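Since the model is a prediction, treat every value here as computed from it, not as a measurement.
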Amino acid sequence: MEINIFDSPDGQVVQLHNPNTGESAEILQDLGGALKSLHLNLQGKVENIIAIPQANQFSMKENDLYPSALLCPWVNRVRNGNYSFLGKNYQLPINEKALGNAIHGFLARRKFELGKQETTKEYAKVVLFYNYVGDFDAYPFHFQFEWEFTLTQGALDVSMKCINTGDSDMPFACGWHPYFQIPGTELADYHIYFQGKSRFLSDSQMIPMKEEALEMKNGLSFRSEQIDHVFRLNSVDTHLTELVDTKQNRALFVQQSSKLFPFLVVFAPANENCVAIEPMTANTDAFNTLDGLIQLKPKDFFQGNVQIWVGNPLELTR
C-alpha cells in the first residue's frame with residue numbers, strides 16, 4: 001500500500017492507494033478531511049462509490065449539499081442558531097439563510113493538519129487533525145478533532161475522535177455526510193435496509209417535530225418513497241446499512257455502532273442518482289432538545305468508527 005499527496009482545485013489531496021488492486025481513497029485535507037472519492041473492487045471492477053452531487057455547478061467548498069462533510073461540533077441544524085449550555089445563551093451565525101438555522105457545525109471547510117502516516121502490505125493509514133481554540137464566538141469550547149482513514153483491500157475504515165482540550169464541559173455531537181453511488185444505477189433501482197425503529201417528521205425549518213414508529217423489515221424503496229429523514233436506530237454494537245442496486249444485484253455497506261451513532265439520516269437529493277447515508281451521534285437540534293447530545297468533560301473524548309465496503313446483497317436482510 002502507499003500514500004500519495006498532491007494538489008487539486010479543491011486543495012491538497014491525501015490519497016491512500018493499493019497499487020495491486022487499483023483501489024484508493026482521496027481525502028481533501030484543506031476541506032475538513034472530506035472524502036472526495038473511494039474506489040473499491042465491486043464484482044471484479046474498480047468503481048468510485050462516493051458521489052459529489054452538484055459537482056458541475058459548485059466547487060466542494062461552495063456546495064450547499066455538503067458532500068462528505070464532517071458535521072461537528074453539532075449535526076444538521078440548530079434552530080435559529082440559538083442554544084443554551086450550563087446557564088449561558090449563545091447565538092450562532094445563520095448559515096442556512098433560507099430556513100434561518102445554523103447548519104452542520106463549522107469544521108467542514110477548515111484546513112486540517114497532516115498527522116501520522118503508515119503503510120504496510122495490508123493497509124494504508126493516515127491521521128488528519130484540527131486543534132480548535134475557541135475562535136468561533138458562539139462556541140468558546142476548546143477541542144481537538146482527529147480523522148483516521150485506513151484503506152484495506154476491499155474496505156475503508158473511518159475513525160472520528162474528539163478530545164475536550166479545554167477547562168470546562170462542552171456540548172458535542174458529530175456525524176458524517178457522505179453521498180454514495182453504485183455507478184450505472186438509477187435512483188429508482190435503489191433499496192435500503194437498516195435497523196431503524198422510528199423516523200422523525202420535520203417542521204418548516206427542517207427541525208424534527210414528531211417521532212413515529214417504523215417497521216423496517218422490508219427496508220425502504222427509492223422508487224416508491226421520497227426519503228429525507230432522520231431515523232433513530234435500534235441500539236446494537238454493530239449496525240449495518242445496506243444499499244442495494246436491485247436491477248444489477250450489487251450492494252454497498254456502511255457499518256457503525258448504533259450505540260455510539262444512534263441516529264441515521266438517509267437523503268436522496270433531487271435529480272441525482274446518489275444517496276446520503278449519514279451516521280450521527282445526536283439528532284437534529286440536539287443543542288436544544290438534548291436528544292443524543294454528549295457533554296464532554298475536560299480531557300474526555302468521544303471516538304467512533306464507520307466502515308465501508310461493497311459486494312453482493314445479503315439475502316438474510318430480506
Distance (rounded to the nearest 0.5 Å) between I227 CD1 and F231 CZ: 6.0 Å

Minimum heavy-atom distance Y179-S68, with the two atoms named: CD1-N, 4.4 Å

Donor + acceptor pair across side chains of N312, Q43 (<3.5 Å): yes

Under 3.5 Å side-chain donor-acceptor pair for T284 and R79: no

ring-ring contact (aromatic ring centres under 6.0 Å, His included), paired with F85, selected from F287, F141, Y90: F141

Exercise: do S198 and E211 side chains pair donor with acceptor under 3.5 Å: yes

Residues T185, K247; criterion side chain to side chain contact (heavy atoms under 4.5 Å, CB included); working and verdict: CA-CA 8 Å; T185 305; K247 185 166 284 188; over 6 Å; no

Linked, directly or transitively: I192 and L240 (ILVMFWY side chains, under 4.5 Å): no

Spacing of CG belonging to L16 relative to OG belonging to S24, to within rounding of 0.5 Å: 8.5 Å

Path from M1 to F149 over hydrophobic side-chain contacts below 4.5 Å: no

Parallel, tilted or perpendicular, as decided by the 30° and 60° cut-offs, for the rings of F106 and F143: tilted

N63 side chain vs P67 backbone, donor-acceptor pair below 3.5 Å: no

Test log, rule side chain to side chain contact (heavy atoms under 4.5 Å, CB included), inputs F222 and V275: CA-CA 9 Å; F222 290 86; V275 178; 3.6 Å; yes

I163 side, atom CD1; L296 side, atom CG - distance, nearest 0.5 Å: 10.0 Å

Test item: L243 and Y190 side chains (from C-beta on) under 4.5 Å apart, heavy atoms: yes

Verdict with reasoning, V254 to E242, per side chain to side chain contact (heavy atoms under 4.5 Å, CB included): CA-CA 7 Å; V254 179; E242 180 186 9; over 6 Å; no

I294 side, atom CD1; C174 side, atom SG - distance, nearest 0.5 Å: 7.0 Å

Hphob cluster co-occupancy, L65 + L99, side-chain heavy atoms under 4.5 angstrom: no

K161 to F301 six-membered ring, cation-pi geometry met (6.0 Å, 45°): yes

Test item: R77 and D285 side chains (from C-beta on) under 4.5 Å apart, heavy atoms: no

Cation-pi geometry met for R109 and Y66 (6.0 Å, 45°): yes

Shared hydrophobic cluster for L293 and M170 (ILVMFWY, side-chain gaps under 4.5 Å): yes

Donor-acceptor pair, side chain of D203 and main chain of I207, under 3.5 angstrom: yes

D167/K297 ion pair, N-O < 4.0 Å: no

Beyond-backbone contact of M209 with F200, side-chain heavy atoms, under 4.5 angstrom: no

Closest heavy-atom pair and its distance - C274, A51: CB-CB, 3.6 Å

Geometric class of the W147/F145 ring pair [parallel <30°, tilted 30-60°, perpendicular >60°]: perpendicular

Minimum-distance pair of heavy atoms, taken over all atoms of N101 and I94: O-CG2, 3.4 Å

Side chain to side chain contact (heavy atoms under 4.5 Å, CB included), paired with M160, selected from V306, T281, N305: V306

Heavy-atom closest contact (T21 atom, V46 atom, distance): O-CG2, 3.3 Å

Shortest non-hydrogen separation from I50 to P178 and the atoms involved: CD1-CB, 4.3 Å

Minimal non-hydrogen separation, N82 against V78, with atom names: O-CG1, 3.5 Å

Candidate pair F112 and Y130, rule ring-ring contact (aromatic ring centres under 6.0 Å, His included), full reasoning: CA-CA 5 Å; F112 274 56; Y130 187 90; 5.6 Å; yes

Among Q12, K111, E113, side-chain hydrogen bond (donor to acceptor under 3.5 Å, both in side chains) partner for Q29: Q12

Expected output: side-chain R250 to main-chain P183 donor-acceptor under 3.5 Å: yes

Approximate separation, where rounding is to 0.5 Å, of K116 NZ and E146 CD: 11.0 Å

N/O donor-acceptor pair under 3.5 Å between N76 side chain and N283 backbone: no

Any L233 side-chain heavy atom under 4.5 Å of F261 side chain: no

Stepwise side chain to side chain contact (heavy atoms under 4.5 Å, CB included) test for Q205 and N80: CA-CA 9 Å; Q205 284 183 279; N80 303 324; 3.0 Å; yes

Pair N41, E47: side-chain N/O donor-acceptor within cut-off below 3.5 Å: no

H177 side chain reached by H104 side chain, heavy atoms, under 4.5 Å: yes

Contact check, side chains of S258 and N234, non-hydrogen atoms, under 4.5 Å: no

Modelled atom types, side-chain donor and acceptor of Q195 and H239, under 3.5 Å: no

Under-4.0 Å salt bridge between K36 and D10: yes

Derivation and outcome, side chain to side chain donor-acceptor pair (under 3.5 Å), residues Q54 and D64: CA-CA 9 Å; Q54 301 185 150; D64 63 2; 3.0 Å; yes

F194 vs L220 side-chain heavy atoms within contact, under 4.5 Å: yes

Straight-line distance of Q256 CD to T241 OG1, nearest 0.5 Å: 5.5 Å

Side-chain heavy-atom pair E23, Q153 within 4.5 angstrom cut-off: yes

Side-chain H-bond candidate by donor/acceptor type, T150 with D157, under 3.5 Å: no

Exercise: do E118 and Y123 side chains pair donor with acceptor under 3.5 Å: yes

Other residues, nucleotides, ligands: >12 heavy atoms within 6.0 Å of E212 CD: yes

Any side-chain donor near an acceptor of the partner, S84 and N89, under 3.5 Å: yes

Check: Q91/D137 side-chain N/O donor and acceptor closer than 3.5 Å: no

Under 3.5 Å donor-acceptor, D189 side chain and T246 backbone: no

Shared hydrophobic cluster, F136 / Y83 (ILVMFWY, side-chain heavy atoms < 4.5 Å): yes

